[in-house]
A.B. asks: 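Input: one structure, supplied below.
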Amino acid sequence: MPLLVQSLTHLLLLLVVGCGSAAPTEDPEDVLLDLDIDEDLDLNLYDTFDYDDLDQEIDAPAPLSPEAPVTGDEDHEETPQTSTPPAPNQDFKALGLFGPDTGLGMPTCLLCVCLSGSVYCDDSNLEDVPPLPKDTTHFYGRFNKIEHIKNTTFTNLNKLQSIDLTGNDISEIDGAALRPLPQLQHLILADNDVKVMPDLPKTMRLIDLRNNKLKSSTEHLEVFKDMKDLEYLYLSDNELDYIPPLPLSLRVLHLQNNNIQSLHMDTFCNSHDPTFIRRKLEDIRLDGNPVNTHLFAPAYSCLPRLPVGTH
């Protein structure tokens, strides 16, 4: 009996100790080490890519047609949007540094050079004056192929002070093309085919129409006398046969190589006022005309000294 009790006691102790002990945990590294890596890997998988394919030419997609609308869904129809070129009198400040598109499809200030209100379009093969930024003050379009200055060419350019179109083929200037410009002071149209004196505002200070085809019978030659600020008048190499009335503000007058045959007492002086003196006129060129300036000394009596180029 005592032996049986002792055996049961030992068995009970073993059960208690076994239940109270925690089961041993496996080391994660042992788990990894126990992975079966004996499977055969298919290394031929990497031989299926041919690196020579990289040398093949990549075809670029064909450009979209301007008329074809771009949509995200082929089943969805959308009306194509068309752009309207800006009108010449549009406010160009909204367009940034660039003016409106020209007939060549380029912004004016890319076709030309724009610097602080000055637009330079010299030798650009232009046939028309391009639409200019609204704040343009000086325009240079020399040595192009411009033939016609239209009434709309300089519309709403209220800050424009100077136009230089030397060396074009201009033969026609519409009547209201230049007159409405309130600040225009310099007009240079040398070496063109102008036959009729353009109608100009009274704000002019310099007019250069050398080497054109002006005749004395043309209109607007009488307007010079009303230009109270006109200082420089270049009309050499034309077909003029008399000197038009001139303002007292004039300093330089070039009329060489025309067809002037005579001078009148009132050309430079005032026959009704013997005390009249034209003090500002300092340079007159009449050489290359049929007139003999030495025979018309009274015509220069109101000048402080005989101007250069009269003999």
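On a predicted model such as this, the values are computed, not experimentally measured, just so you know.
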A.B. asks: Taking atom types as modelled and ignoring hydrogens, do the side chains of Asn257 and Ser236 form a donor-acceptor contact shorter than 3.5 angstrom?
C.D. replies: no
A.B. asks: Could you tell me whether Lys150 atom NZ has more than 12 heavy atoms of other residues or ligands within 6.0 Å of it?
C.D. replies: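 Counting neighbours around NZ of Lys150, more than 12 heavy atoms of other residues, nucleotides or ligands fall under 6.0 Å, so yes.
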A.B. asks: Between Asn258 and Asn289, do the side chains contain an N or O donor and an N or O acceptor separated by less than 3.5 Å?
C.D. replies: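 On atom types as modelled, these side chains do not qualify, holding no pair under 3.5 Å.
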A.B. asks: Give the minimum heavy-atom separation between Leu230 and Pro247, together with the two atoms involved.
C.D. replies: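 Nearest heavy atoms, Leu230 then Pro247: CB-CG, 4.0 Å.
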A.B. asks: Looking only at side chains, do Tyr232 and Arg205 share a donor and an acceptor under 3.5 Å apart?
C.D. replies: no
A.B. asks: Applying salt bridge (charged side-chain N to carboxylate O under 4.0 Å, His left out) to Asp164 and Arg142, what does each step give before you reach the verdict?
C.D. replies: CA-CA 6 Å; Asp164 190 345; Arg142 299 167 288 197; 3.6 Å; yes
A.B. asks: Under 3.5 Å, is there a donor-acceptor pair between the side chain of Thr136 and the main chain of Lys134?
C.D. replies: no
A.B. asks: Going from CD1 on Ile149 to CG on Asn168, what distance comes out if it is rounded to the nearest 0.5 angstrom?
C.D. replies: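 Atom-to-atom, Ile149:CD1 and Asn168:CG are 8.0 Å apart.
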A.B. asks: Just by modelled atom types, is the Ile170 backbone N or O under 3.5 Å from a matching donor or acceptor in the Asp193 side chain?
C.D. replies: no
A.B. asks: Considering residues at least two apart in sequence or located in another chain, which fulfil the side chain to side chain donor-acceptor pair (under 3.5 Å) criterion with Asp191?
C.D. replies: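 Side chain to side chain donor-acceptor pair (under 3.5 Å) check on Asp191 returns Asn211.
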A.B. asks: Whether Glu127 and Lys145 form a salt bridge (side-chain N of Lys/Arg under 4.0 Å from carboxylate O of Asp/Glu) is what I want to check.
C.D. replies: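 Judged by the 4.0 Å cut-off on N to carboxylate O distance, Lys145 and Glu127 do not form a salt bridge.
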A.B. asks: Could you go through the salt bridge (charged side-chain N to carboxylate O under 4.0 Å, His left out) check for Asp287 and Arg285 one step at a time?
C.D. replies: CA-CA 6 Å; Asp287 46 300; Arg285 291 288 304 272; 2.7 Å; yes
A.B. asks: Return yes if some donor-acceptor pair links the side-chain N/O of Asp174 with the main-chain N/O of Ala176 below 3.5 Å, else return no.
C.D. replies: no
A.B. asks: Would you compute the distance between atom NZ of Lys202 and atom NZ of Lys225 and round it to the nearest 0.5 angstrom?
C.D. replies: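 Result: 10.5 Å between the selected atoms.
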